[in-house]
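Here is how names work: the chains are called A, B, and so on, in the same order as the sequence lines, proteins then strands, and each is numbered from 1. Treat the numbers as computed from the prediction; the structure is a model and nothing was measured.
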Protein chains: 2
Amino acid sequence: MNSSVTATSEPTLTDKFQRGNVLASSCPSRGVLQDVTSRWGVLALFALLQGTHRFSELRKSITGVSEKMLSQTLQALEADGFVLRTAHPVIPPHVEYSLTASGREVAKRVEELVNWIEVNINPILSARDEYTSLKSG
Amino acid sequence: MNSSVTATSEPTLTDKFQRGNVLASSCPSRGVLQDVTSRWGVLALFALLQGTHRFSELRKSITGVSEKMLSQTLQALEADGFVLRTAHPVIPPHVEYSLTASGREVAKRVEELVNWIEVNINPILSARDEYTSLKSG
DNA sequence: CAGCATCCGGTTCGATACTG
DNA sequence: CAGTATCGAACCGGATGCTG
């Protein structure tokens, strides 16, 4: 997915001053962060926090996601070990998705972020309106 | 950004079962979530948690970000009321970016997510390797 | 220094069709 | 049901050139 790093200019000096090193482009955490904070990744983790779900259930609950994107997103999260995919060999196919132990950890943190935004959505939206009218008004 | 809601099919039934409603595409929280969890948004919030920074400083510390993207990202965060932009009318220009009160709240939650990933990056990477070799090996 | 306008290649994404 | 394959369309994002 993001395997070639295409060596940008060396960040050596700057790196020393950072608590972590996500800010350095070479940090592998960035890739994982991408998976977790991707458009549908956030919502998938959030949805799975409620428990195990089938593919079609997730597709229905996460409004607007396409089959392809959901599939792709779940695969990325599975690859990172956050999501467990369980396929029951029956016809028609029955596949269930759930969070792993580490998946629950990330998901909990994602949830806190999401919840905070939802609780404070009104002031935020007001700020946005004000900003917009300042710019174009 | 996402102002026209283009009424998707009514999600009434599904919505009742969700703690929040981010999972509904009509939810305005999604837009804000996008700004916060965007590729550079996460890193900008994370970087600003350390304090006030000038544009060029941010550009240097957030390795790999382009001028355009940083500018765009900061504007989005400013619009949502998370980032305060202070321009000093001198020549050459001097602009400082800092977090607002609400900005600190989101940033703290972003930080917790980022930190967890950084701390657990090794097991995650191992899981990924294992997954990859299972698929293609 | 801080940033916008423009161009343009690459990636992402959604719709559709198809498979096990 | 749970996906994969393919194909345009849309968007993202970087490079460049210009402004105050």
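Within the model, atoms CZ of A:Arg104 and CZ of A:Arg109 stand 13.0 Å from one another, a figure rounded to the nearest 0.5 Å. Between B:Trp40 atom CH2 and B:Leu58 atom CG the span is 12.5 Å, to the nearest 0.5 Å. We find the OG-CD distance between B:Ser126 and B:Glu130 to be 8.5 Å, quoted to the nearest 0.5 Å.
No donor-acceptor distance shorter than 3.5 angstrom exists from the side chain of B:Ser71 to the backbone of B:Glu67, with no hydrogens or angles considered. Side chain of A:Arg59 to main chain of A:Val65: a donor-acceptor pair is present (N/O by atom type, distance under 3.5 Å, no hydrogens or angles). Although no hydrogens or angles enter the test, the distance criterion places a donor-acceptor pair under 3.5 Å between the side chain of B:Thr63 and the main chain of A:Leu23. Using a distance-only test at 3.5 Å, with no hydrogens or angles considered, no donor-acceptor pair links the side chain of B:Arg54 to the main chain of B:Glu96.
One atom, CG of A:Leu74, and another, P of D:dG3, lie 8 Å apart when rounded to the nearest Å. We find that CG of A:Leu70 is positioned 11 Å from P of C:dG14, with the value rounded to whole Å. Distance B:Phe55 CZ to C:dC1 P: 12 Å, rounded to the nearest Å. For the pair B:Met69 CE and D:dC12 P, the interatomic distance rounds to 8 Å; values are reported in whole Å. Straight-line distance from the CZ atom of B:Arg59 to the C1' atom of D:dG13: 12 Å, rounded to whole Å. Look at CD1 on B:Ile62: it is 15 Å from C1' on D:dG13, rounded to the nearest Å. Atom pair A:Gln34:CD and D:dG13:C1' shows a separation of 13 Å (rounding to whole Å applied). Atom CH2 in A:Trp40 sits about 16 Å away from atom P in C:dT12, given to the nearest Å.
Closest approach of B:Arg30 to B:Val22, counting heavy atoms only: NE-O, 2.8 Å. A pairwise comparison of heavy atoms in B:Ala44 and B:Ile62 identifies CA-CD1, 3.7 Å as the closest pair.
Mapping A:Glu57 and B:Ser66 onto DNA chain D via the closest heavy atom, the residue that lands nearer the 5' end is A:Glu57.
When the local axes at the two ends of the helix from C:dC1-D:dG20 to C:dG20-D:dC1 are compared, using 5 base pairs at each end, they differ in direction by 50° after rounding to 10°.
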Nucleotides 4-10 of chain D: which of its N/O atoms have a protein N/O under 3.5 Å away?
{"from": "D:dT4", "atom 1": "OP1", "to": "A:Gln75", "atom 2": "NE2", "distance (Å)": "3.0"}
{"from": "D:dT4", "atom 1": "OP2", "to": "A:Ser71", "atom 2": "OG", "distance (Å)": "2.7"}
{"from": "D:dT4", "atom 1": "OP2", "to": "A:Gln75", "atom 2": "NE2", "distance (Å)": "3.4"}
{"from": "D:dT4", "atom 1": "O4", "to": "A:Glu67", "atom 2": "OE1", "distance (Å)": "3.2"}

Pairs of donor and acceptor atoms involving the side chains of residues 79-90 of chain B, under 3.5 Å and at least two apart or interchain, shall be tabulated with distances.
{"from": "B:Asp80", "atom 1": "OD1", "to": "A:Arg128", "atom 2": "NE", "distance (Å)": "2.8"}
{"from": "B:Asp80", "atom 1": "OD1", "to": "A:Arg128", "atom 2": "NH2", "distance (Å)": "3.3"}
{"from": "B:Arg85", "atom 1": "NE", "to": "B:Tyr97", "atom 2": "OH", "distance (Å)": "3.4"}

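Side-chain nitrogen and oxygen atoms of B:Arg54 include at least one within less than 4.0 Å of the OP1 or OP2 phosphate oxygen of C:dA2. In this structure, A:Ser56 reaches the D:dA2 phosphate: one of its side-chain N or O atoms is under 4.0 Å from OP1 or OP2. Taking side-chain N and O atoms only, B:Arg85 has a distance below 4.0 Å to OP1 or OP2 of C:dG3.
For A:Lys108, the salt bridge (Lys or Arg N to Asp or Glu O under 4.0 Å) test picks out A:Glu105, with sequence neighbours left out. With sequence neighbours excluded, the residues that form a side-chain hydrogen bond (donor to acceptor under 3.5 Å, both in side chains) with A:Thr100 are A:Ser102.
Of the residues in residues 91-100 of chain A, those with a non-hydrogen atom less than 4.0 angstrom from any atom of DNA chain D are A:Pro92, A:Pro93, A:Val95, A:Tyr97.
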